[in-house]
Amino acid sequence: MNLFQLLNKNTALEIDIVKVILAAGPRISKSQLRKTLNISNFTLTGALTHIQSVFDEVKINATLEIEDVDSVTYVRVKKEPTTDIFDFYYAYLADSLEYQILRYLFHKQSFTRIQLIQTLSISEGSLYRYLNHLNELLHEFNLAIKNGRIVGEELQINYFYFELIWNSVPTNEIHALITNDRIQHTVTALESSLDTTFNDHTKMRAALWLLILQKRSTIELTTNSVSKQLLKEITRDPLFNQVQTVYLRFTIGNAQAGSSFKSVYLYLFLISMFIFDTNNHFIFKLGGTWPTPLSQIKHTAQWIVEFVTDNLNVDLDDFPENFTLRWYSVLTQLLTQIYFFQSNITFISTDNQCITQTKYTKSLIEPIIKKVLTDFSKPTISDTMKIYGYSILESFIESSHKYAKHHLRIGIFARKDYFSALYLVEQFASEFSGSFNLDIEIATPTQKYDLLVTDSPLSVSRYHFAKQYVLAGRLNALDREMLATILNNIMESVN
Amino acid sequence: MKILIIGGSHAGIAVAKKVKSLSPKTNVTLIEATDHLGFISDTINLMLQGLISKDNIAEGEVYTIDDIRAAGVDLHLNTTALEIDYKNKKVLIQESTHSTEELAYDYLVLAMGSSSFEKLDAIKEHPNVNLLTYKYPDETLKTYEALQSSQSIMIIGAGLIGLELANSFTTRPSQTINLIERADYPLFRYFDKEIVEILMRHIPKNFHIYTNQNFYELENTTDDKIRLVTWDDQKITADTCVLALNPKPNTHIVEDHLDLNPDGTIKVNQYMQTSDPAIFACGDLVRIPVIHDNENSYLPLIGNARKTGYIAAYNILYGTSKSYPPSQRTLATKLFDHYLGSTGITATEASFSGYDVVEINKEYHTYAKYEQERDFHLYLKVIFDRKSRELLGAQVITNDRVQLDLINIFSVMIYHHDLIDQLLEVDTFFSPEINPTRNTLIDIGIESLKYHNQTTHHDDL
């Protein structure tokens, strides 16, 4: 789900205006802005006035300034280096009635039609319209709002609320939500029990998950995605017993113990949601090559590693131990997320999220995703999860490149002088080294090259190379695209 | 002033009696859905131990109907509250099968207690499985009969109520008792593990305690038994299965109007007043503050229920001025011929409240040198905050009833926020004929000095 989908057309336009201004650099002319967004001067002027007032209201040390220079009207966003522009987006979101319905549900867990109509000051017709739209959006989470409650699989409901709050609420407000001492001490108890230290980001995520479990601690489960076989595997993991003990302590003061599955939910969260906390390898401390007790996850992760290493011609033994630890942990976490949690929430316009892999990397990722979906018996994967998963797999493939047996040897020849050649080497390296395993150097006649890149077709006869590419000057977009294709073709022929 | 109380639980009775004793002219009406008042659910244990016969089950009630009526309370038994008109302060009631009527109130007190159990995940697919409970007289009688005739019994929950029920079978070696517990050891709410481990050494051979257990199946077998399958595929079969868990608070009638906590209890302030100023709630419907714990807890003990009732009554009569004093959570029980007592918070729990604790454990096996043969043991655990040295909790396990009273001393000290050092200042009697020769309080006080950061005169030299 993209939170932009909760905004009305005018609000979404105003956020787009701010994004275009920020992307354009210090300032952009009004006419250029109008052209980029394909809107009338009247619409733009009205929108800018409203944006200015929102900036004033949210008090985030940023202003929208309009100035005339040489008869041209420019617009700029002036902000402090520490200003988080997302606070501006959050302010827009907070005004969205659909978003307010979701937040109401999060806080109260249920509503009556009359309560919502009164709280939001809307008509019954509007309420039904908003609920219908929300249900369309919730579909990708396999959830729906029915009879004033979110219904669906309980783990998914918890996860949806987590994603919603994590992605739509300013950090200081999340902090305020989780100040409860019991939650904070429980996070500390988890660290101590698992013999690890979470970074601040992880602590906050774990605390938010506990808050959600607490909010829904007495919900009776109607359906459950954790099968008997999975339960058996989870129960065998000593880590689970430790997590369960902490969870029971967390809920000790409650009138009802709640479902036993809540401790499984906490466990699943802990083994899947810390991809970006590189300090956390606690799951390894309990032994085992793969940091998961779940055989299905292990099997698929193993397949991915073998598939990538086979295709890149990498010997697994060449991976340093730290590399293996880190990536085995990341891959099992990613797969556990895909297995148990449907979709995710973003607050970045999908237009701005482009999948940047090279053709070769893409040719590896697509079979991986296909395999994952088959193994996990899932018909499809949501767009937001796809972007998330692709970026992680891309990073794994590109990091693995470094250990490939075969390196492509690239020679650079510049007719003008040595420094021009050196500049090209650096430019080439920064552009392609992430995606391909390359040895790049200023060309010498004694070396054989898979590819010679030069700014002149002349005077290259003394070099030995399989393929040649001639630049028209500095590396431009067309060069980048053509060179990526050539490198892909060479890689494919080598592997 | 008209005070209407819904629920003849221990809390409801406490409100009625307190109001009438402080202000006899106040009009108090109490409605109760059943035909009895203030039943003690421990009655089943007394029946199984032969202390109450099944024909005299009313002996498990604290007050008689006549006691309450004699106090001037307008009592309506078999009367259900159907609906509350909050705006006009009226409750629609129905007595047995009679027609409905409205009762007006100036203050409404909710004391409906707890009765129904949350549905266990495992019985969703097997709703007909017969799970026994013993909260009320009719259930108690049915459960008693079933337990009497069962060769094997399964008790779900090895907390205080589960173990107290199990304890009633200590003298019945022919019956097999299986206790199923989700936590990593029994009684984990009130005791630290090492105390419970001592108790576990004394459980009879016909007892099996399964800890760390969750289950996904609980069903009737073809030979009319009940089978439970745990997550790790253990199968446990018994003739009967008893739920020894806390029932759900009965809040259905007010859940759309009053603010509730996530666990289903009613939110109250320190005066037992709900989010509607004219409505108070008490007993098993509310969470109460616990000393040294950072949040209110659900402690469905009769003593707490009465205390919440008294506080509600006082604040209705005199304006909201008396806060509920944080509970020390003091309790004692007798299990497998051992007395156990606990007050304050446990060491494990203290870490969840942010304390850095010191634990002192003392074990005694000799009563006196001149009584070497006497079977005596006492294990006492005391915890205190390392920095402030304030006492946080104490637990005891002993085979000597008198030693159990140590817990009450610690309870009072915790109530007064005393420091561990004050153990050395308290006078306690000593008479060799009635005391063990070692003074455990002094022993603990002296041991605590090891954790004092004050340097000694000798250190300075």
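Numbered from 1 within each chain, the chains take letters A, B, ... in sequence-line order.
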For Ser275(B), is there any backbone N or O sitting under 3.5 Å from a side-chain donor or acceptor partner on Asp259(B)? no

Please look at Phe240(A) and chain B and tell me whether the side chain, the backbone, both or neither of the residue comes under 4.5 angstrom of a heavy atom of that chain. side chain

Taking atom types as modelled and ignoring hydrogens, do the side chains of Asp385(B) and Ser388(B) form a donor-acceptor contact shorter than 3.5 angstrom? yes

Do the non-hydrogen side-chain atoms of Ser168(A) and Tyr99(A) ever get within less than 4.5 Å of each other? yes

Give, as side chain, backbone, both or neither, the part of Thr245(A) having an atom under 4.5 angstrom from any heavy atom of chain B. side chain

I'd like to check Phe215(B) versus Ile156(B) (side-chain heavy atoms, cut-off strictly below 4.5 Å). Are they in contact? yes

Interchain contact, Thr211(B) with chain A, by part (heavy-atom threshold 4.5 Å): neither

Are the side chain of Ser297(B) and the backbone N or O of Leu299(B) linked by a donor-acceptor pair below 3.5 Å? no

State whether the side chain of Glu233(A) and the backbone N or O of Ser295(A) hold a donor-acceptor pair below 3.5 Å, judged by distance alone. yes

Say whether, by atom type as modelled, one donor and one acceptor occur between the side chain of Gln328(B) and the main chain of Thr330(B) under 3.5 angstrom. no

Contacting moiety of Arg287(B), where chain A heavy atoms sit under 4.5 Å: side chain

Please state whether the side chain, the backbone, both or neither of Lys215(A) comes within less than 4.5 Å of a heavy atom of chain B. backbone

Taking 4.5 Å as the heavy-atom cut-off, does anything in residues 100-113 of chain A contact chain B, and if so which residues? none

Salt bridge or not between Glu154(A) and Lys262(A)? Use side-chain N to carboxylate O under 4.0 Å. yes

Heavy-atom distance under 4.5 Å to chain A: side chain of Thr265(B), backbone, both or neither? side chain

Given a strict heavy-atom distance threshold of 4.5 Å, which part of Val264(A) is in contact with chain B: side chain, backbone, both, or neither? side chain

Are the aromatic ring centres of Tyr159(A) and Trp166(A) under 6.0 angstrom apart? no

Heavy-atom contact with chain A under 4.5 Å, split by part of Asn261(B): neither

Side chain, backbone, both or neither: which part of Tyr355(B) has a non-hydrogen atom closer than 4.5 Å to chain A? neither

Is the shortest distance from a Lys or Arg side-chain nitrogen in Lys228(A) or Asp233(B) to a carboxylate oxygen in the other one below 4.0 Å? no

